[in-house]
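Just below is one structure, and these are the notes that go with it.
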Amino acid sequence: MYKFNYQQPSSVEEAIALFKSSEDPKFISGGMTLLPTMKLRLAQPSDLIDLNAVADFAGITASENTLTIGAGTRHADVAGSDVVGRMIPALAHLADSIGDPQVRNRGTIGGSIANNDPAADYPAGVLGLNATVVTDRREIAADDFFAGMFETVLEDDEIVIAVRFPVPKRAAYVKFPNPASRYAVVGVMVAECAGAIRVAVTGAGPCVYRFTAMEAALSKDFSSDAIKGIPCEQDGLNEDIHASAEYRAHLVGVIAQRAVAAAG
Amino acid sequence: MKVQLSVNGREVEAEAETRTLLVDLLRDELRLTGTHVGCDTSQCGACVVHVDGRSVKSCTLLAAQANGCEVTTIEGLADGDQLHPLQAAFKEEHGLQCGFCTPGMIMSSADLLSRNTDPSEKEIRDWLEGNICRCTGYHNIVKAVQTAAKQMRD
């Protein structure tokens with residue numbers, strides 16, 4: 001790693017002020033992507049602003065129809081939460097499928113969605129469940145949040161505070177994990193929320209996206225048969241040593257059907 | 001920067017660069033070389049230690065981030081000459097060959113057993129997802145964790 005200044009603010013305001021006064025800063029939360037990237041010298045921030053000591057940054061609160069998860073909440077805490085398991089079991093399952101136990105003990109939901117890795121699980125959860133991203137300055141609908149590969153609409157000094165999930169009528173997340181990293185080769189969140197069906201796909205393309213043709217078919221008939229044979233275009237899908245675009249396109253159909261079956 | 005932490009119950013204070021990883025502080029400064037670095041890319045789990053009661057990969061945590069925390073390493077498990085049940089079970093069940101991954105395997109398993117006193121074989125295998133062993137084929141590692149779990153329950 002290159003040298004950097006390390007800052008540990010105790011409030012969001014302080015974190016933003018530090019960010020503004022630093023040359024080329026980065027926020028760090030769980031650090032499960034950023035630290036490995038810095039170790040490879042692919043990132044070289046002048047200042048690392050650690051959000052782990054920010055007050056009230058982690059925690060899960062529930063109201064009748066919504067579940068709010070603090071940005072600093074670790075994957076293990078979402079996976080093991082009774083209230084998440086009761087209200088949105090698909091989300092607890094998603095969190096439990098990320099990486100390995102030690103990654104889940106550090107990684108956070110805010111860090112995951114701000115990083116927006118094309119193969120990360122949480123973007124599919126946030127988009128598929130029609131969540132709202134709450135930042136220090138605004139609320140952003142999931143449909144508007146994810147902008148491209150490793151890109152979101154967050155401003156440089158903007159901090160995700162929490163993610164608010166409406167409780168769906170039914171939902172399921174199924175992924176085909178890379179056998180080594182457990183990142184999604186393809187992952188699909190299917191959910192029915194407020195009468196609308198949403199199908200969010202991660203891993204397949206450069207950025208999480210909704211499969212609207214499947215949503216339309218499932219709105220008429222919520223069954224895995226209803227989406228059988230809906231073509232998934234290969235154009236623009238990811239292609240790497242793990243899977244070709246053709247293979248990923250095929251997987252999207254298979255995994256989406258499994259998710260529909262699991263959502264019941 | 002100055003880093004203060006409790007390691008295996010002992011209060012320590014060390015001078016570390018901000019970029020110093022926890023594992024390097026443990027090994028190079030505190031000379032606790034039981035914690036290993038296998039891959040250095042957060043995958044192999046040889047460096048697993050406990051920070052405030054949770055297993056983490058100490059190659060993917062800054063020493064600065066452990067400031068003020070309680071850290072337990074493999075050296076902190078045994079009670080004097082009395083091996084921890086997991087250490088004894090790894091020995092008994094031949095859960096190691098070269099032994100390089102063993103500290104991480106044991107620290108990871110200790111975290112599992114603190115949450116689940118009677119894990120199934122599948123739960124053990126799932127939990128050890130982030131620990132790679134190149135010798136044993138995992139079979140005896142899983143057996144060792146089962147044996148230790150039983151001993152700790154009895």
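The shortest distance between side-chain heavy atoms of A/Asp47 and A/Gln7 falls below 4.5 Å. At a threshold of 4.5 Å between non-hydrogen side-chain atoms, the residues A/Arg182 and A/Ser97 do not count as touching.
For the side chain to side chain contact (heavy atoms under 4.5 Å, CB included) with A/Thr202, the qualifying choice from A/Tyr183, A/Tyr122, A/Tyr173 is A/Tyr173, the only one to do so.
The parts of B/Val56 that come within reach of chain A are both its backbone and its side chain, each placing non-hydrogen atoms under 4.5 angstrom from that chain. For A/Lys3, the parts lying near chain B are the backbone and the side chain together; criterion is any non-hydrogen pair under 4.5 Å. A/Leu34 does not touch chain B: none of its heavy atoms, backbone or side chain, sits under 4.5 Å away. Only the side chain of B/Asp111 comes within less than 4.5 Å of a heavy atom of chain A; its backbone N, CA, C and O stay farther away. Looking at A/Asp50, the atoms closer than 4.5 Å to chain B (heavy atoms on both sides) all sit in the side chain, from C-beta outward. The parts of B/Leu62 that come within reach of chain A are both its backbone and its side chain, each placing non-hydrogen atoms under 4.5 angstrom from that chain.
Counting heavy-atom neighbours within 6.0 Å of B/Arg115 CZ, excluding the residue itself, gives a total above 12.
Heavy-atom pairs under 4.5 Å with chain A peak, among B/Ala64, B/Ser42, B/Gly45, at B/Ala64. With respect to chain A, the highest number of heavy-atom pairs below 4.5 Å among B/Thr41, B/Val51, B/Leu61 belongs to B/Leu61.
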